[in-house]
Protein chains: 2
Amino acid sequence: MSSVLDGLAVDPASDRAVFRQIADQLRSAMEDGRLREGDRLPSEAQLIDHYGVARMTVRSALQLLEAEGLTRAEHGRGVYVRKKPPVRRLASDRFARRHRKEGKAAFLAESEQAGAIPDVDLIQVNETTVPPEIGERLNHSGPVVVRSRRYSLDGTPVETATSYLPAEIAHGTPIADPNPGPGGIYARLEELGHTLERFTEEVTARMPTEAEARILAMAPGVPVFRLVRTAFDTDGRAVEVCDTIMSADAYVLNYELPAH
Amino acid sequence: MSSVLDGLAVDPASDRAVFRQIADQLRSAMEDGRLREGDRLPSEAQLIDHYGVARMTVRSALQLLEAEGLTRAEHGRGVYVRKKPPVRRLASDRFARRHRKEGKAAFLAESEQAGAIPDVDLIQVNETTVPPEIGERLNHSGPVVVRSRRYSLDGTPVETATSYLPAEIAHGTPIADPNPGPGGIYARLEELGHTLERFTEEVTARMPTEAEARILAMAPGVPVFRLVRTAFDTDGRAVEVCDTIMSADAYVLNYELPAH
DNA sequence: CAGTGGTCTAGACCACTGC
DNA sequence: CAGTGGTCTAGACCACTGT
């Protein structure tokens, strides 16, 4: 009976640790298609038999692959080649005013267009003192209205977002309500006289914190994007900062750069 | 004698695995400042003594922290709270023509401005058939000139880049030389009549492949950005695709979005 | 129930660091 | 040299899955 392990062996005398050699061989099998998305890897017991090593050695190899985001272990079932989730493409014009005309907030409008079922939950709105990092971007100190929420697609959480707006702008307005109404808070800002002129986005990537991994139900080996967007009105005033954490395997970010 | 472990204990009867509890406690110490950047964590032997557990248990805890990018183990020395490397900020106008006037390629010009010592090595230029993924973006099939190189700052590799240009544009020109001359290949493209109009950038993040981790000397627990930039000339023709892999902890990407 | 992965123990030998 | 982390063995018991 044929298996991806046929003919594979490790060299205990090699400089490269045995568990790394085992991981290398399984990784190669995934790279050249002997193992495909969704396939089950050989079980720990099979790897132990095949390579003649202790269980911890094969577990170290499997853990390495999991940390690289290549596999996913399912308790009681097996270890599988990870499937890539559907990807959300963020276009650079996604906050353009024309996309707000239909009365939908950005996330809902885009998702329905992509054929996925969007959901928003864990909505919280409150008023606090601005965190220093955000205050710098808002060029504002003192009270801010803070709106946080979690977005899901087809039941899978993909993104959390926290918006900060100066209280003097947002206090007592629909922006401070859990449901800000059609078009989202950007539509409300414009109604309040803050016509939006431009946005800046600052993108970083890192492994999720424990809290982020929990709230986004993240698999090991998947990083997050952190995207901090600042909205400026036509007076050049920063009127909102939105701090977003996104499961990186669910996103492609598209931008346009000028050449002049 | 006082230590970050003072008063800390684990509950073996808890639902949460002991090694996760140990990781939680060390993570908390890093979050609230009891352990700071560069500090040494308690040694494995100290953790074993303090918690009364086996070595594999404390190693599992430490490995979890390393995979989260929080710590770095140094053989024979100890486990340390990871220091954040200096960050390179990429501005959205970094390919604007005005930045090419001084005759420096983008990377060198920026780095010197930031006070770091840039280096470029592993330069390779050859001609091959265009990979499908790149061909789609170039809207071109057939031969391409491929330029790949590695960039370092202060001796630390931070980025690899591979440029693809249609051979009919680049063949036999300085673009196909290892050293393309002042201003880099974008200056050469414009001299050849391909005035650059705009760029698109597509940003993703994931854990590095084994090969990427090696060439960029990456620590465990640090993801990479993949940035695929396409350059268009004033005829709307895609004239270059640049595929870049960057150590994510060394970069912040800045972009501007229009509101209209 | 058998098979799977999750956790944990109690050792062993090794390689690297710094004194 | 003592102290550190890196690798590996050979078990144990548990929880989850599917038949």
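The figures that follow rest on heavy atoms only: side chains count, while hydrogens, waters and symmetry mates do not. Residue numbering restarts at 1 for every chain, and letters A, B, ... go by the order of the sequence lines. The shown structure was predicted, so the numbers you read here are calculated from the model rather than taken from an experiment.
- Closest heavy-atom contact between Met218(B) and Ser247(B): CE-OG, 3.6 Å.
- Under the stacking definition used here (centres under 5.5 Å, planes under 30°), the residue His75(A) fails to qualify as stacked on the base of dG6(C).
- Taking a 4.0 Å limit (strictly below) on heavy-atom distances, residues 55-70 of chain A reaches DNA chain D at Arg55(A), Met56(A), Thr57(A).
- As a whole-Å value, the separation of Arg77(A) CZ from dG6(C) C1' is 16 Å.
- Atom CD1 of Ile22(B) and atom C1' of dT7(C) are 12 Å apart (whole Å).
- The number of heavy-atom neighbours closer than 6.0 Å to CD of Glu127(B), taken from other residues, nucleotides and ligands shown, is above 12.
- Among the protein residues, Arg20(B) comes within range of the sugar-phosphate backbone only, with heavy atoms under 4.0 Å from sugar or phosphate atoms but none that close to a base.
- Between Arg16(B) and Asp24(B), at least one side-chain N (NZ, or NE/NH1/NH2) sits under 4.0 Å from a carboxylate O, which counts as a salt bridge.
- Comparing dG18(D), dT4(D), dG5(C) against the side chain of Ala45(B) picks out dT4(D) as the nearest.
- Along DNA chain D, the nucleotide nearest Val18(A) and the nucleotide nearest Gly76(A) are compared for position; the residue whose nucleotide lies closer to the 5' end is Val18(A).
- Where pairing requires Watson-Crick or G-U contacts shorter than 3.5 Å, the helical stems of DNA chain D with at least three consecutive pairs are C:1-18 with D:1-18.
- Distance Arg16(A) CZ to dG6(D) C1': 14 Å, rounded to the nearest Å.
- Comparing Gln21(A) and Ser43(B) along DNA chain D, the residue whose closest nucleotide (by nearest heavy atom) sits nearer the 5' end is Ser43(B).
- One atom, CD of Gln46(B), and another, C1' of dG5(D), lie 13 Å apart when rounded to the nearest Å.
- Evaluated for a side chain to side chain contact (heavy atoms under 4.5 Å, CB included) with Arg149(A), the options Leu122(A), Thr162(A), Ile123(A), Asp121(A) yield exactly one hit, Ile123(A).
- For the atom pair CE of Met207(B) and CD of Glu66(A), the computed distance is 12.0 Å after rounding to the nearest 0.5 Å.
- Atom CZ of Arg40(B) and atom C1' of dT4(D) are 7 Å apart (whole Å).
- As a whole-Å value, the separation of Glu44(A) CD from dT4(C) P is 9 Å.
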For a quick test of your reading: what N or O donor-acceptor pairs under 3.5 Å do the side chains of residues 47-56 of chain A make, sequence neighbours left out?
unit_1: His50(A); atom_1: NE2; unit_2: Leu5(A); atom_2: O; d: 3.1
unit_1: His50(A); atom_1: NE2; unit_2: Leu8(A); atom_2: O; d: 2.7
unit_1: Tyr51(A); atom_1: OH; unit_2: Gln25(A); atom_2: OE1; d: 2.6
unit_1: Arg55(A); atom_1: NE; unit_2: Glu44(A); atom_2: OE1; d: 2.7
unit_1: Arg55(A); atom_1: NH2; unit_2: Glu44(A); atom_2: OE1; d: 2.9

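- Between Leu47(A) atom CG and dG5(C) atom P the separation is 8 Å, expressed in whole Å.
- The side chain to side chain contact (heavy atoms under 4.5 Å, CB included) test with Asn126(B) is passed by exactly one of Val146(B), Val144(B), Val145(B): Val146(B).
- A salt bridge links Glu212(B) with Arg206(B): the closest approach of a Lys/Arg side-chain nitrogen to an acidic carboxylate oxygen falls below 4.0 angstrom.
- Taking a cutoff of 4.0 Å between a charged side-chain nitrogen and a carboxylate oxygen, Arg226(B) and Asp243(B) qualify as a salt bridge.
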